Amino acid sequence: MEIFHISAECYPVAKVGGLADVVGALPKYQNNAGHQVRVVMPCYNTKFKNENSFECVHWGHVKLGDFNFAFNVLKEVTDKLGFELYLIEIPDLFDRKDVYGYEDDIERFLTFQIATLDWINGRNELPDVINCHDHHTGLIPFMMTYCYKYYKFKNTPSMITIHNGLYQGQFGFDKLYYLPEFDLAHVRVLDWNNCINSLAVAIKCAWAVTTVSPNYLNEINISAKGLESLFNMVRYKSRGILNGIDVEVWDPAHDKMLEKNYSTADYKAGKQANKVKLCTLFNLDPTKPLFSFIGRLLEEKGGDLLPGSSAQALQENYQQINILILGSGDTEIENQLNSLRQNFEGNYNTFIGYNEELAHLIYAASDFILMPSRVEPCGLNQMYALRYGTIPIVRRTGGLKDTVIDIGDNGNGICHNQSTISDVCYSIQRAVQLYEDKEQLDSVRLKGMNTDHSWERVCQEYIETYQLIINNKNEN
Ligand code: GLC
C-alpha cells in the first residue's frame, strides 16, 4: 500500500516534541512491513537539512489569497531514514530556525498544505491513503473532498492522527479566501464556534480519526477544549492506537549516547556507570536515588508543579535524593526551577534547553522519571524510561494510564491521580521506599525492561485502520 504521512515534525529532521518521534519511526516500520511510505514536511532551516543531500523532484507556485509563493519539493537522496522523505521548500515562510511560534503560522502551514496537495495531485498515481498528523495538516482532508482543483482525491481515504487536541489551529473567516476554490454550499464544514478550526475540520472530513492512545480517546469525549461533542459524533470512525517507540534508536544495549551500554543481564552496573557520569556533569550524588524530568516545561505537562514538588521532596528527604530537570518552555517555570539550584546545591540541578543526547544519558542514569502531566495524549518518555530500566512516576492520565500500572497492583511504576504538589511528593516518597527495597526495585525495573513497546507490533493497527477505510471506499 502507498502511504503518505504529512506532518510538521519528523525526527531527526525537526523535533519539538513526541510528534516528531512518532513520524520518524512509524513510517520506517510500515516500510519494513512491505508498504511504500513517504513522509512530507516543511523545509525548515535545520541541522539535518544543512548536513544532508537532497534533489529537487518538483517545483511550482502556490496561491494563498493574494499572495504567491514559489515552492520546491526536495527528496532526501540516501533514504537513510528508512522511508522516503520529502521537504516542501517555501523559502519565504519556512527558511527559519524554529518549527512554530511565528505570527504567520496560519499562513505558513496553510501554504504548506496547499503546496503538498498540488504536488501529490500532479503525480501520475494517487496514494492509497493520506495520514495527516495534528492540526497543522488538518485542512488537507477538507481540501481533498471539496476543493475543485483536487477533485482527483475525492475517493482517496484520509486519516487524521491526533497527537495533541489542545492545539487546534483556529483562525477567522476573514482568511477564508486563502483556501483554494470550493463550492460555498459546504462552507459550514469549516465552522466550529464561528471560527475555522483546522483540527475540527479534520475530524469532520477525515475518513478515520485516531488518537495516540485508547485512554486519551475516552478522555477527549469528555474534555477537549470545546471539541468534545464533535468527538462524540465521530466515535464511529475513531480509534485509539497506542504509540510505539523506535527500539533501534532507544536501545540501552547499543545507544551511542550513553557512557556505558547495558542489557537486562548487566543493567545494575550499566545504569550505575551512567549515573556516575551524569552526576559528575551536574554536581549530583551518585549514591542517592536520582529523579529526573525530561520535556517541555508547560502547565500541560505539569511543569508548574515541578519547582514546588522538587523543593518539598528535597526537604522532606533531608536531601537524600537527587533531582535533575531537562527542558524548556514557560519562562516563569524555568526561572523558578533555576532559582532552586542555590538552596539544594549538590542534589538538584537543571538544564534549560533541548538536548537529545543528554536526554538519552538521563534515561539510562536515572532511577525514576517524573511525568506529572495534566494532559498526556500518549507520552513516550515513560516508554523510553521503562526500556532503560528507569521507573516512571506518572499522573494517571491519557496514555500514561494505558502504559504505567502502579506497583501496588503488581505493575511497572508509581501512579497518582491529582495534579497537585502533595500527590507528586507522595509518589516520590513511595519511590524512595521502593529504592530501599532492592529486591522489589529490581523486579520492577526488569519488568519495565522486558515490556515490548515496539512499533513492529503497533504498526499493524495503523495498517488495519487504513485497510478498513480503503474497503469502505470500495463498497461505496
Ligand atoms: C504529543 C503528545 C504526547 C504524545 C506525542 C506523540 O507530543 O503531547 O503525549 O506522546 O504527541 O504522539
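Treat the numbers as computed from the prediction; the structure is a model and nothing was measured.
- Ring-plane geometry between F282 and F351 is classed as perpendicular, the angle between the planes exceeding 60 degrees on a 0 to 90 degree scale with a lower cut at 30.
- In this model, a donor atom of one side chain and an acceptor atom of the other lie less than 3.5 Å apart for E76 and T78.
- The aromatic ring centres of H35 and Y466 sit 6.0 Å or more apart.
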Carefully, step by step, assess Q418 and D423 under the rule side chain to side chain donor-acceptor pair (under 3.5 Å). CA-CA 6 Å; Q418 307 298 326; D423 260 32; 5.3 Å; no
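- Proximity of a side-chain donor or acceptor of N412 to a complementary backbone N or O of T403 within less than 3.5 Å is detected.
- In summary, the aromatic rings of H186 and Y146 are positioned with their centroids under 6.0 Å apart.
- For the pair D134 (side chain) and N164 (backbone), a donor-acceptor distance under 3.5 Å is present.
- Of the possible donor and acceptor atoms, one in the side chain of E9 sits under 3.5 Å from a partner among the backbone N and O of V16.
- Counting only distance, with no hydrogens or angles, the side chain of Q467 and the backbone of I463 share no donor-acceptor pair below 3.5 Å.
- Side chain of D128 to backbone of M1: no donor-acceptor contact under 3.5 angstrom is found.
- Aromatic rings of F182 and F142 (six-membered ring for Trp) have centroids within the 6.0 Å cut-off, being under it.
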If you apply the rule salt bridge (charged side-chain N to carboxylate O under 4.0 Å, His left out), what do you find for D330 with R296, and how did you get there? CA-CA 8 Å; D330 190 324; R296 280 165 290 160; over 6 Å; no
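- Classification of the F54-F48 ring pair by plane angle, with boundaries at 30° and 60°, yields perpendicular.
- Look at K175 and E107 and you find a salt bridge, because one of the NZ, NE, NH1 or NH2 atoms lies within 4.0 Å of a carboxylate O, short of that distance.
- Other residues, nucleotides and ligands contribute over 12 non-hydrogen atoms within 6.0 Å of the NZ atom of K152.
- Between Y388 and H360, the ring planes lie perpendicular to each other; the angle is over 60°, past the 30° to 60° tilted range.
- Remark: aromatic rings of Y363 and W250 are close, center separation under 6.0 Å.
- The number of heavy atoms from other shown groups lying within 6.0 Å of OH (Y100) is above 12.
- E464 and Y462 share no donor-acceptor pair across their side chains, judged by distance under 3.5 Å alone.
- With hydrogens and angles ignored, the 3.5 Å screen pairs no side-chain donor or acceptor of N68 with any backbone N or O of L64.
- The local environment of NZ in K401 is sparse, with at most 12 non-hydrogen atoms from other residues, nucleotides or ligands closer than 6.0 Å.
- Between the side chain of R374 and the main chain of K301, no donor-acceptor pair closer than 3.5 Å is present.
- Formation of a donor-acceptor pair under 3.5 Å by the N72 side chain with backbone atoms of L74 is not found in this model.
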